[in-house]
Amino acid sequence: MPISASFRRAIPAASCSPAVVDKRSRGKRAWKGKPNGMDPLLELLLNAVVAGLLLGAFYAAVAVGIAIAFGMLDIPNLAHPAFVVMGAFAVWLLNDAFGLDPILAGILCLPPFFLLGVLLYQAYYACFESRGDNALQGLAFFFGILFVTEVVLILVIGADYRTVAAPYIGPNWRIGGIDLPLRMLVPALVSLLMIGGLHLLLTRSFIGRAILAVSQDPLALQLMGASPVRTKRLAFGLSIATAAIAGALLIIIQPVEPSIGREFIGRAFAVVVLGGMGSFVGMLMAAMVLGVTESLVATLFSPSWAPAIAFGFLLPTLAIRAGGLMGRKL
Amino acid sequence: MTGDAPLSRPPMGTLAFWCWAAAFTGVVYLAGRWVTNDYVFFAGYIVLQYVLLATAWNILGGYAGYVNFGTAAFFAIGAYISTALNKWLGLPLPVLILAGAAVCGLIGLLMGGLTLKLQGVFFSIATLALAIVTQALITNWEYVGGAAGAYVIRPSRGPLGGSYVEYLFYTMLLLATLAVCIARTVERSAAGYGLAAIRDDEAAAEAAGVPTMKLKVATTVLSGALMGAAGAPLPFFVTYLDPPSAFNLAVAVNTIAMPLVGGTATWIGPVIGAVLLSIVQEAAMVTISSAVNLLLVGLIMIGFITLAPNGIMGLLRGRRR
C-alpha cells in the first residue's frame with residue numbers, strides 16, 4: 001500500500017530505515033557472528049524489531065512525564081505531548097539561533113519547563129484539586145491547554161516542519177546487517193539515561209521518596225508533617241521538565257510541526273496505562289512492545305496503520321487488565 | 001425559546017416542551033422560506049450542527065460527568081458512513097442519517113461497554129485514542145477516498161424546493177430540535193436523576209440502587225448516535241470530505257467548550273454555548289484569521305472552566321449545580 005500523502009507524520013524513522021542494536025540486544029551477539037548473507041526477510045524483520053526498540057525508548061521519554069503526572073499524581077495531563085512539541089520548538093530556536101547541540105539545548109530548557117510545570121500545577125490545584133471537583137473540569141482544562149498551546153505555536157512559529165542540525169543526525173552504524181541510525185540511537189540512549197536518572201531520584205532521594213509517598217497515600221504524607229501540595233507541585237514540575245528533553249529527542253528523530261503532539265497522546269497514555277500507571281519498568285516494557293509492534297506493522301503493512309496500534313493495546317488493557325502489565329489495581 | 005428555569009418556577013411538562021419545540025421549528029421553517037440568501041443557511045447550518053453536537057456531548061458529559069474527547073470520531077464516522085452508503089446505494093439523506101446514527105450508537109456501545117467500568121478519566125483517554133485510530137482506519141479506507149478525500153455531488157435542488165443547502169439547514173434544524181427535546185426528556189426522567197447521582201458520587205449512586213453501568217452505556221449510545229447523526233449530512237454540506245477536515249480537532253474542542261461555556265447541568269446550557277460560540281467564531285472567521293479564532297475558543301473555554309465552572313447558566317442563576 002502506498003504511503004498516504006496526507007498522512008502528516010513523518011514516517012517513524014524506524015519504519016522505513018531500520019536501525020540498531022542497542023544495549024538490550026547485546027545478548028543476541030549471535031547475529032554478529034553470522035555472515036552477511038542473511039535471509040532478506042529475516043534481516044528486514046530483525047531491523048524492524050531493532051528500530052522498534054529504539055522507537056520504544058523514545059516513546060518512553062514522552063510517556064515518563066505522564067507516568068509521573070497521571071500515574072503517580074492522578075493529574076490527567078493530556079497536554080503533555082503539546083509540551084513535548086513546545087520543548088522541540090524551544091530546542092529548535094536555540095539550535096537555529098546559537099547552533100547549540102539539541103540535547104544540550106534540551107537540558108538548558110529544563111529549568112523554565114520545571115517552572116512552567118510548577119505554575120501549571122498551582123493553577124490546577126487552585127481551580128480544581130482544592131475544590132475536590134477535578135474529574136470533568138480538570139480533563140477539559142488540560143484539553144484546553146493542549147489546544148491553546150498548539151494554536152499559539154502555530155501563530156508564533158508557523159505550521160511548517162522544523163528540523164535541527166547535529167553531528168549525529170546523518171550517520172548510520174551498521175552491525176551485522178542491522179542498521180543503527182544515530183538519530184534514533186542517540187535519543188534512545190538519552191531517554192534511557194533520563195528514565196534511569198528519574199528512577200534513582202525517586203527511589204534514593206528524600207524528595208523522590210516523598211513523591212512516591214504522595215502517590216501512594218497523600219493523607220498519610222500529610223500526617224507525617226509533609227505537605228502533599230508542595231510535593232505534588234515539585235513532582236509535576238519534574239514531569240513537565242521531562243517534556244523539554246523529550247522534545248529535544250523528538251526533533252532529533254523527525255521534523256516537527258505544532259500539531260504533531262496529538263499523535264503521541266494515544267501512544268503515551270497507552271504506554272502508561274499498559275505499563276501499570278507509574279511503574280517505570282512496566283512503562284519501559286510497554287513502550288518497547290508498542291515501538292516494536294508499530295515498527296513491524298509499518299514494515300509489513302503500511303506506516304499509516306501505526307497510529308492505530310496504540311489504541312489496539314489501550315482498549316483491551318482497559319477492558320481486561322486495567323492494572324497494566326505490572327501495575328497496581330485501579 | 002421558553003421552557004427554562006426548572007427550579008424557580010413549576011417545570012413545563014415534557015409534552016408541552018415538545019410542542020413548543022415543534023412550534024419553534026415550524027416558525028423557523030416558515031421564516032426560512034422568505035430568505036433568499038444562501039449564506040444564511042450555510043451559517044445557520046453550522047450553528048445548528050454545533051447545537052446538536054454540544055447537546056449530544058452534554059447528555060453524557062454534562063449529566064453523567066464522563067468526558068468524551070472523541071466527538072470528532074463519532075462525527076466523522078457519521079459523515080463517512082453517509083458518504084459510503086451514498087456512493088454505494090445512493091440512499092436519501094434521512095436514511096443516511098439513521099445509518100450514521102446506528103453505526104455510531106454501536107461504537108458508543110462497544111466503547112462504553114469496554115471502558116466505562118473504570119474511572120471516568122480512562123474512558124476519556126480511550127475516546128481520545130478512538131479519534132486517532134478511526135482517522136487511521138478511514139485514511140486507509142480507499143472506497144471513500146482514503147487520504148486523498150472524496151467528492152460528494154450535492155444535488156442542486158432540495159426535495160422541498162429551494163436550494164439543497166436550504167434543505168440541509170432544515171434537516172439540521174429538525175435534528176438539533178429533536179436532540180434538545182431528547183436531552184430535556186432525559187434530564188427530567190428517572191434516568192436523568194440517576195445520571196446526576198453518578199456525576200456527584202458514583203459509588204453512592206451504585207449503593208443506592210442506581211443501575212450505573214446500564215445508564216452510562218445507554219447514555220453513551222444515545223450521545224454517540226446523535227453525534228453520528230450530526231456528521232451524516234456533512235459530506236453534502238462540504239461536498240469534499242477528507243480525513244483531516246472530518247477529524248478536525250476544532251470540532252472536538254468546540255463540542256466540549258460549548259456546554260462548558262453555557263453550563264452543563266441543563267439542556268439550555270449547551271444551546272446557549274453553541275449559539276454564542278459559533279456566532280463568535282463565524283464573526284472572527286470573517287474578520288480575523290482562523291487560527292486566532294481557534295485560540296479564542298480555547299481561551300474562552302479555559303477561562304470558563306477555571307473562573308465560572310457552571311457556565312453562563314451558573315452565572316445567571318448564581319447557584320452551584
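The structure displayed is predicted, hence computed values, not measured ones. Note on naming: letters A, B, ... go to the chains in the order of the sequence lines (proteins, then strands), and numbering restarts at 1 for each one.
Note on B/Thr134, B/Leu307, B/Leu137: by heavy-atom pairs under 4.5 Å with chain A, the leading option is B/Leu137. Note: A/Leu314 leads A/Ile154, A/Leu314, A/Val152 in heavy-atom pairs under 4.5 Å with chain B. Most heavy-atom pairs under 4.5 Å with chain A: of the set B/Val292, B/Leu295, B/Val297, this distinction falls to B/Leu295. Put simply, of B/Thr115, B/Ile256, B/Leu130, the one with the most heavy-atom pairs under 4.5 Å next to chain A is B/Leu130.
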For this session: Show your reasoning for whether side-chain contact (heavy atoms from CB on, under 4.5 Å) applies to B/Met301 and A/Phe143.
Result: CA-CA 10 Å; B/Met301 175 166 118; A/Phe143 191 59; 4.3 Å; yes

For this session: Evaluate side-chain contact (heavy atoms from CB on, under 4.5 Å) for A/Val273 paired with B/Phe122, printing each intermediate quantity in order.
Result: CA-CA 9 Å; A/Val273 172; B/Phe122 290 98; 3.9 Å; yes

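The neighbour count for B/Tyr240 OH, taken as heavy atoms of other residues, nucleotides or ligands under 6.0 Å away, is above 12.
Side-chain contact check for B/Ile305 versus A/Cys127: every heavy-atom pair is 4.5 Å or farther apart.
Heavy atoms closer than 4.5 Å to chain A are found in both the backbone and the side chain of B/Ala252. Contact annotation for B/Leu110: neither backbone nor side-chain heavy atoms come within less than 4.5 Å of a heavy atom of chain A. B/Leu116 does not touch chain A: none of its heavy atoms, backbone or side chain, sits under 4.5 Å away. Of the atoms belonging to B/Ile302, it is side-chain heavy atoms, and not backbone ones, that fall under 4.5 Å from chain A. With a 4.5 Å cut-off on non-hydrogen atoms, B/Ile125 touches chain A through its backbone and its side chain both. Contacts of A/Ile309 with chain B are absent, with no heavy-atom separation under 4.5 Å from either backbone or side chain. In this structure, chain A has heavy atoms under 4.5 Å from both the backbone and the side chain of B/Thr306. In this structure, the portions of B/Leu299 lying under 4.5 Å from any heavy atom of chain A include both its backbone and its side chain.
The two atoms that bring A/Leu315 and B/Ala126 nearest to each other are CD1-CB, 4.3 Å, heavy atoms only. When all heavy atoms are compared, the tightest approach of A/Ala308 to B/Val133 is CB-CG2, 3.3 Å. Across every non-hydrogen atom of A/Trp305 and B/Ala136, the tightest pair is CZ3-O, 4.5 Å. When all heavy atoms of B/Leu260 and A/Ala140 are compared, the pair lying nearest together is CD1-CB, 3.5 Å. Minimum interatomic distance between A/Phe147 and B/Leu294 (heavy atoms only, all atoms of both residues): CE2-O, 3.3 Å.
Partner B/Val121 forms a side-chain contact (heavy atoms from CB on, under 4.5 Å) with one of A/Leu78, A/Ile75, A/Asp74, A/Leu139 and no other, that one being A/Leu139.
Note that the CZ atom of A/Phe142 and the OG atom of B/Ser124 stand 13.0 Å from one another [nearest 0.5 Å]. Here A/Glu263 contributes atom CD and B/Ile132 contributes atom CD1; the two are 8.0 Å apart, rounded to the nearest 0.5 Å.
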